[in-house]
Amino acid sequence: MEIFKSIFYFVLAGVFEIGGGYLVWLWLRDGKSICYGLVGAVALIIYGVIPTLQPPSTSFGRVYAAYGGIFIVLSILWGWKIDNVIPDKFDLIGGAIALIGVLVIMYYPRG
């Protein structure tokens with residue numbers, strides 16, 4: 001159950017980071033209202049808090065290293081569903097490699 005909670009926090013952090021960054025992008029690159037930027041900034045602050053909910057036995061470096069793999073996969077999915085950029089086979093292969101890295105870094109039993 002602890003692994004599922006950890007994965008949930010990774011996905012939640014990803015949604016806030018990518019969503020927050022996307023809102024700032026829309027504000028600065030697409031000329032949207034500053035409200036987009038402000039909401040994006042709040043989302044990015046929340047993103048910074050969510051990883052602290054990971055199990056206490058994990059270190060900052062390990063959590064953020066593993067999160068990098070989750071971020072890669074969520075970014076590919078975001079691009080596909082929000083920006084209509086269909087992932088190609090190299091995106092999918094890279095995403096799979098990143099997820100394998102997450103599993104090894106976060107969840108491989110250590111002695």
Side-chain angles (χ1 to χ4, degrees):
M1 188 64 171
E2 196 71 21
I3 290 175
F4 292 114
K5 190 187 318 183
S6 174
I7 292 169
F8 170 76
Y9 289 137
F10 277 132
V11 171
L12 188 63
V15 169
F16 275 91
E17 183 184 17
I18 297 166
Y22 187 71
L23 290 171
V24 171
W25 177 283
L26 291 175
W27 167 49
L28 293 175
R29 299 264 311 236
D30 292 349
K32 298 288 186 182
S33 160
I34 191 171
C35 292
Y36 281 73
L38 294 173
V39 172
V42 170
L44 290 168
I45 290 169
I46 293 169
Y47 148 72
V49 172
I50 294 169
T52 67
L53 303 174
Q54 288 290 345
S57 61
T58 56
S59 69
F60 175 86
R62 187 169 289 146
V63 167
Y64 273 79
Y67 173 69
I70 300 293
F71 180 84
I72 290 168
V73 171
L74 291 176
S75 295
I76 291 168
L77 293 173
W78 187 280
W80 180 25
K81 292 301 180 183
I82 303 299
D83 286 335
N84 298 312
V85 176
I86 299 170
D88 63 20
K89 70 179 178 180
F90 300 106
D91 295 325
L92 299 175
I93 291 168
I97 291 168
L99 280 182
I100 291 168
V102 168
L103 295 174
V104 171
I105 291 168
M106 278 298 290
Y107 307 117
Y108 190 81
R110 291 177 167 79

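The residues of the chain are indexed from 1 along the displayed sequence. Basis for what follows: all heavy atoms, side chains included, without hydrogens, waters or symmetry-related copies.
- The side chain to side chain donor-acceptor pair (under 3.5 Å) contacts involving residues 70-81 comprise nothing, where partners must be two or more places apart or lie in separate chains.
- Both I3 and L53 are members of a single hydrophobic cluster when ILVMFWY side chains are connected at heavy-atom separations under 4.5 Å.
- With sequence neighbours left out, the side chain to side chain contact (heavy atoms under 4.5 Å, CB included) criterion links D88 to F90, D91.
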V63 and F10: CA distance, side-chain angles, deciding distance, side chain to side chain contact (heavy atoms under 4.5 Å, CB included) verdict: CA-CA 9 Å; V63 167; F10 277 132; 4.1 Å; yes

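- For the atom pair S33 OG and L23 CG, the distance stands at 11.0 Å (nearest 0.5 Å).
- With sequence neighbours excluded, the residues satisfying side chain to side chain contact (heavy atoms under 4.5 Å, CB included) with L99 are I70, V73.
- Cluster membership for L92 and I86, using ILVMFWY side-chain heavy atoms within less than 4.5 angstrom, is not shared.
- The side chain to side chain donor-acceptor pair (under 3.5 Å) contacts involving residues 14-32 comprise E17-Y67, Y22-D83, where partners must be two or more places apart or lie in separate chains.
- Counting side-chain heavy-atom gaps under 4.5 Å among Ile, Leu, Val, Met, Phe, Trp and Tyr, V49 is found in no cluster with other residues.
- I76 and I18 fall into different hydrophobic clusters, where Ile, Leu, Val, Met, Phe, Trp and Tyr are joined by side-chain heavy atoms under 4.5 Å apart, directly or via other members.
- With hydrophobic clusters built from ILVMFWY side chains whose heavy atoms lie under 4.5 angstrom apart, V102 does not share a cluster with I100.
- Among residues two or more places apart in sequence or in another chain, the side chain to side chain contact (heavy atoms under 4.5 Å, CB included) test is passed with L103 by Y107.
- By the criterion of side-chain heavy atoms lying less than 4.5 angstrom apart, applied directly or through intervening Ile, Leu, Val, Met, Phe, Trp or Tyr residues, I72 is not grouped with I97; the two fall into different hydrophobic clusters.
- Put simply, the side chain of M106 reaches to within 4.5 Å of the side chain of Q54, judged on heavy atoms.
- Apart from F4 itself, the hydrophobic cluster it occupies contains nothing, where clustering links Ile, Leu, Val, Met, Phe, Trp and Tyr at side-chain heavy-atom distances under 4.5 Å.
- Residues passing the ring pair (Phe, Tyr, Trp, His ring centres under 6.0 Å) test with F60 are Y64, sequence neighbours excluded.
- Minimum heavy-atom separation, A43 to G20: CB-CA, 3.7 Å.
- Applying the side chain to side chain donor-acceptor pair (under 3.5 Å) rule to Y36 yields no partners; only residues at least two apart in sequence or on another chain are considered.
- Residues passing the side chain to side chain contact (heavy atoms under 4.5 Å, CB included) test with L12, sequence neighbours excluded: F8, F16, I50.
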